[in-house]
Chemist: 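Have a look at this one.
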Amino acid sequence: MLVAPSLLAADFLHLDSEMQMLGQSSDWIHLDIMDGTFVPNISFGFSVIDALAPVAKKPMDAHLMVVHPERWFERLAAKGVEYCSFHLEAAGRSTGRCLQAIKDLGMKAGLAINPDVPVQKLFPYIGKADYFLIMSVFAGFGGQKFIYESLDRVAALKAELESRGNKALIEVDGGVGMSNAAALREAGTDVVVAGSSVFKAENPSEMISALRGA
Ligand code: DX5
Ligand code: ZN
């Protein structure tokens, strides 16, 4: 599995050294963008991304937890973001258009859902999305407990992708750690996002390797 550490759990006083560690150890760098409206929290915005982008040695993976996600695609692409996901709940009937807009800007397009959205709601976008992001906690905060039903949702999406011969990736985000990584891989997960488990580990690089090999 690929590992995308979530910068939300990093030490914001020392982002420089955190970025160096990620440059050596991570597969992707997960950036959680929140607006205080789609989710009841605010994270960081473009001033932080501006500072990170020039030193990012691994693909940046932006996870938009915002209303009107389409407002931000162009600026994220201009910063060199390679993977850009937004929530189906936020985009509604614009979802297809948003996926296309992300791809037109040269980024990979991801579609995210919270744990209370039936996974079947993603199926109409198979063939349109480059990856799907299954939230295994409710979007908004790091450090929450993994919701185990997420494993069945991953397996159901994986089965549907395989039955259609589609190669979209499945990314899982929230509460991921060594207690669930192997089960996530078995269920068909391609990319795990990990915030607390990586950045609170004694050795974050070793934790990233352990998750990758789980
Ligand atoms: C939650 C974010 C996650 C979060 C993961 O809204 O989308 O990416 O940072 O953090 P952990 O791994 O601590 O649950
Ligand atoms: Zn996230």
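In each ligand, atom 1 is the first atom listed, and ligand 1 is the first ligand listed.
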Chemist: Output yes when K79 and D50 qualify as a salt bridge under the 4.0 Å nitrogen-oxygen rule, no when they do not.
Modeler: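 Yes, this pair counts.
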Chemist: So between L64, V198, D173, whose heavy atom ends up nearest atom 3 (C) of ligand 1?
Modeler: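 Nearest option to atom 3 (C) of ligand 1, by heavy atoms: D173.
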Chemist: Using a 4.0 Å cutoff against the non-hydrogen atoms of M34, which atoms of ligand 1 qualify?
Modeler: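 Heavy-atom distances to M34 below 4.0 Å select 6 (O).
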Chemist: Hey, is S196 touching ligand 1 through its side chain, its backbone, both or neither, going by heavy atoms under 4.0 Å?
Modeler: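 The part of S196 near ligand 1 is both the backbone and the side chain.
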Chemist: By number and element, which atoms of ligand 1 are closer than 4.0 Å to a non-hydrogen atom of L8?
Modeler: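 In order of number, 9 (O).
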Chemist: Of all the N, O or S atoms in D32, which has the shortest distance to the Zn ion (ligand 2)?
Modeler: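 The atom in question is OD1.
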Chemist: For D32 and ligand 1, answer yes if some heavy atom of the residue is under 4.0 Å from a ligand atom, otherwise no.
Modeler: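 The answer is yes: ligand 1 sits under 4.0 Å from a heavy atom of D32.
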Chemist: Under 4.0 angstrom from ligand 1, any heavy atom of G140?
Modeler: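 Right, G140 reaches ligand 1.
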Chemist: Looking at the Zn ion (ligand 2), which N/O/S atom of D173 is the nearest one?
Modeler: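 Closest to the Zn ion (ligand 2) among those atoms: OD2.
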Chemist: Considering only protein heavy atoms, which is closest to atom 10 (O) of ligand 1, and at what distance to one decimal place?
Modeler: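 Ranking protein heavy atoms by distance from atom 10 (O) of ligand 1, first comes G142 CA, 3.6 Å.
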Chemist: Provide, to 0.1 Å, the distance between atom 14 (O) of ligand 1 and the closest protein heavy atom, together with that atom's residue and name.
Modeler: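 Protein heavy atom with the smallest distance to atom 14 (O) of ligand 1: G175 N, 2.8 Å.
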Chemist: What do you get for the angle at the Zn ion (ligand 2) between NE2 on H30 and ND1 on H63, to the nearest 10 degrees?
Modeler: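 With the Zn ion (ligand 2) as the vertex, NE2 (H30) and ND1 (H63) sit 100° apart.
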Chemist: Tell me, which protein residue and heavy-atom name are nearest atom 12 (O) of ligand 1, and how many Å apart are they?
Modeler: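 Checked against all protein heavy atoms, atom 12 (O) of ligand 1 sits closest to G195 N, 2.7 Å.
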Chemist: For R164, I'd like to know if atom CZ has over 12 heavy atoms of other residues, nucleotides or ligands within 6.0 Å.
Modeler: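 Buried by this count: over 12 neighbours within 6.0 Å.
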Chemist: Side chains of F199 and E18, heavy atoms from C-beta outward: is any pair under 4.5 Å?
Modeler: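 Side chain of F199 against side chain of E18, heavy atoms only: contact under 4.5 Å found.
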Chemist: Side chains of F44 and L15: does their closest heavy-atom pair fall under 4.5 Å?
Modeler: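 They are not in contact (no side-chain heavy atoms under 4.5 Å apart), so the answer is no.
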Chemist: Verify the neighbour count for atom CG of D16: are there more than 12 heavy atoms of other residues, nucleotides or ligands below 6.0 Å?
Modeler: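 Counting neighbours around CG of D16, 12 or fewer heavy atoms of other residues, nucleotides or ligands fall under 6.0 Å, so no.
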Chemist: Can you tell me the protein heavy atom closest to atom 1 (C) of ligand 1 and the distance?
Modeler: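 The closest heavy atom on the protein side is F141 O, 3.5 Å.
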Chemist: Can you find a heavy atom in the side chain of I147 that is under 4.5 Å from one in the side chain of F138?
Modeler: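 Yes - at least one pair of side-chain heavy atoms lies under 4.5 Å apart.
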Chemist: Would you mind checking which non-hydrogen protein atom is closest to atom 11 (P) of ligand 1, with the distance to 0.1 Å?
Modeler: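 Nearest protein contact, heavy atoms only, for atom 11 (P) of ligand 1 is G143 N, 3.6 Å.
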Chemist: Which atoms of ligand 1 sit under 4.0 Å from any heavy atom of V193?
Modeler: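 Atoms satisfying the 4.0 Å criterion: 8 (O).
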Chemist: Tell me, yes or no, whether the heavy-atom count around Q120 atom CD, taken from other residues, nucleotides or ligands under 6.0 Å, exceeds 12.
Modeler: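 Check passes, neighbour count above 12.
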Chemist: Should we count NZ of K103 as having more than 12 external heavy atoms under 6.0 Å?
Modeler: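 Yes, enclosed.
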Chemist: Looking only at protein heavy atoms, identify the closest one to atom 9 (O) of ligand 1 and say how far it is in Å.
Modeler: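 Going by distance alone, atom 9 (O) of ligand 1 is nearest to S6 OG, 2.9 Å.
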Chemist: Would you say W28 ends up clustered with L211 if hydrophobic residues are merged whenever their side chains have heavy atoms under 4.5 Å apart, either directly or through other cluster members?
Modeler: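 The answer is no; the residues belong to distinct hydrophobic clusters.
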Chemist: I'd like to check which ligand 1 atoms, numbered from 1 as shown, lie under 4.0 Å from a non-hydrogen atom of H63.
Modeler: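 Once the distances to H63 are compared, the set is 7 (O).
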Chemist: Only heavy atoms of M65, strictly under 4.0 Å: list the atoms of ligand 1 that pass.
Modeler: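 Listed by number with element, the hits are 6 (O), 7 (O).
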Chemist: Hey, are the side chains of Y83 and V191 touching, using non-hydrogen atoms and a 4.5 Å cut-off?
Modeler: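 When only atoms from C-beta onward are counted, V191 and Y83 do not touch, as no gap falls below 4.5 Å.
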Chemist: Any sub-3.5 Å donor-acceptor pair from D130's side-chain atoms to A109's backbone N or O?
Modeler: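 Indeed, once roles are kept as given, a pair shorter than 3.5 Å links the two residues.
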Chemist: Quick check on contacts: which atoms of ligand 1 are under 4.0 angstrom from a heavy atom of A194?
Modeler: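 It comes down to these atoms of ligand 1: 12 (O).
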